[in-house]
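These notes concern the structure reproduced below.
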Number of protein chains: 2
Amino acid sequence: MNDESGVERPRIGRREAQRQATEQAILTAAETVFAEAGFGGATMQLIADLAGLPKANLHYYFATKEALYRAVVERIFVIWLRAADAMDGAEGPAEGIGAYIDAKMEISRRHPNGSKVWASEVMHGAPVIQDYLETTLRDWTAGRVEVIERWIAEGKMAPVNPEHLLYMLWATTQHYADFNHQIETLNGGRRLTAAEWAKAKASVKQIILRGIGVV
Amino acid sequence: MNDESGVERPRIGRREAQRQATEQAILTAAETVFAEAGFGGATMQLIADLAGLPKANLHYYFATKEALYRAVVERIFVIWLRAADAMDGAEGPAEGIGAYIDAKMEISRRHPNGSKVWASEVMHGAPVIQDYLETTLRDWTAGRVEVIERWIAEGKMAPVNPEHLLYMLWATTQHYADFNHQIETLNGGRRLTAAEWAKAKASVKQIILRGIGVV
DNA sequence: TCCAATTCTGACCGTATGGTCAGGCTTCAG
DNA sequence: CTGAAGCCTGACCATACGGTCAGAATTGGA
């Protein structure tokens, strides 16, 4: 039963690994609670219960409720930005925007809670991530606008306003996460099946791609 | 100075009129606070301050925070449904869906707080208006789906999935209210001007109407 | 004018919440 | 093996919140 006799363990150490695992468990629990109750309605006790540790211990990892919330929001932002890569290096709008829609729909499907926390944060005036909006997001947006304008100039798509096209992409894809409860209710109270998700993706791409003169 | 000598006043009475005015002031204040802080983050004290009356008096008009919140949500729902009329009695999709987009964009512009409260309510699982979703909204949706299917059958528009088209309409138009802070930040920190709103409307209509094979 | 109904209000209460802390427990380098 | 550093925890505290209440002020019909 001597660990030292076996394969070398990664040098991260049990302790550090445990810490990271606990942190992730807390962040996931917090994401759920913040999504379901909002920042004001969420309680540290609820998050602690869901993460399976005492409230006092939660405060050992995250000093304040705000610090925990900020960590949750930043975690989402990273995922969100990663989908942006889907749009890069594409030949034209059919490929680039199509892939971006696919990527964002997949995020809505797999991280609905994260999307909700993000939406809630922005709706309340972005008290925590205002700087991200003004730097990272603004830069990213400007870059994509250029790409779209180039595609238009090259005659690869219809001349539409690039900013409003981006807003439409965000709105439509995130709607499937933020309003999933409404969608499920209108779907007879049932979650969307894999086939229904595929149909949703196809419908969104069909309308938007045709809407910008592609396909 | 005798009121009785003049024209007959509406039989509503000063008292009743005052009561209704106070109620509306409270509802508007509550809408703002709920939109900015969420249900959990809103406090009766803040709402009372914004409405300009003592907290105890607020409780005279609305017994509990939940009752006040419910009144706010119902008030929004009515406005929301009224926009639905824009889609009725239209010859075809160009007219009907175009008018619906215009109406919903106008609501986003004039009632952003209402839209946010609605979005927040749905995001949190619709604890208060679940019955509306299952009755009024479901019926309304079914009716519009029929209309769209008829238009498709008559060859007036491309064959798209009606439900997902409706989701796209809701998502896109409401985005301009719910995410107005993000849009304003990307707009250089400035609110949209009348001209910019017109451009937004035109862009949305252009892409969606072309997307469904109209125009 | 009078008085009953309605509206308003400051002071108060119980509870729930975010956060603290002293001290116990576990891990691991030397 | 040992002890210091890191991790965990029950009990506790101050505060802020939703809601109550007794009674004052106002209104309007008779």
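Chain letters run A, B, ... following the sequence lines, proteins first, then strands; residues in each count from 1.
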Problem set entry | Proximal nucleotide (of D:dC8, D:dG18, D:dG19) relative to the B:T64 side chain | D:dG19
Exercise. To the nearest 0.5 Å, what is the distance between NZ (B:K205) and CG (B:L169)?
Worked result: 12.5 Å
Exercise. Tell me: CG of A:L58 to C1' of D:dC7, nearest whole Å?
Worked result: 14 Å
Exercise. B:A83 and B:I107: which non-hydrogen atoms are nearest, and at how many Å?
Worked result: CB-CD1, 3.5 Å
Problem set entry | Distance in angstrom units between B:Q45 CD and C:dA11 C1', rounded | 13 Å
Exercise. Separation of B:F34 atom CZ from D:dG18 atom P, in whole Å?
Worked result: 9 Å
Exercise. Which nucleotide sits closest to the side chain of A:H59: C:dG19, C:dG10, D:dG18?
Worked result: C:dG19
Exercise. Between B:T172 and A:A171, which heavy-atom pair has the shortest distance, and what is it?
Worked result: CA-CB, 3.9 Å
Exercise. Would B:Q130 and A:H181 count as having a side-chain donor-acceptor pair, cut-off 3.5 Å?
Worked result: yes
For this session: Take A:G40 and A:A56, find for each the nucleotide of DNA chain C with the closest heavy atom, and name the residue whose nucleotide sits nearer the 5' end.
Result: A:G40
Exercise. C:dT17 C1' sits how many Å from A:L68 CG, rounded?
Worked result: 15 Å
Exercise. In whole Å, what is the span from the CE atom of B:M44 to the P atom of C:dG10?
Worked result: 16 Å
Exercise. At under 4.0 Å, does any side-chain N or O of A:Y60 touch on OP1 or OP2 of D:dC8?
Worked result: no
Exercise. Which one, C:dG18, C:dT9, D:dC8, comes nearest to the side chain of A:K65?
Worked result: C:dG18
Problem set entry | Atom-to-atom span, OH of A:Y69 to C1' of C:dG18 - whole angstrom | 17 Å
For this session: Indicate, with a heavy-atom threshold strictly under 4.0 Å, whether A:A48 touches base, sugar-phosphate, or nothing.
Result: nothing
For this session: May I ask you to evaluate whether B:R19 reaches the phosphate of C:dT6, defined as a side-chain N or O under 4.0 Å from OP1 or OP2?
Result: no
For this session: Mind listing the closest non-hydrogen atom pair of A:A42 and A:K65 along with its distance?
Result: O-NZ, 2.8 Å
For this session: Name the residue closer to the 5' end of DNA chain D, choosing between A:K55 and A:Y61 according to the nucleotide with the nearest heavy atom.
Result: A:Y61
For this session: Grab the CG-P distance between B:N57 and C:dA11 for me, whole Å please.
Result: 16 Å
Exercise. What is the distance from CD of B:Q18 to C1' of D:dT27, rounded to the nearest Å?
Worked result: 12 Å
For this session: Select base, sugar-phosphate, or nothing to describe what A:A67 touches, counting heavy atoms under 4.0 Å on all strands.
Result: nothing
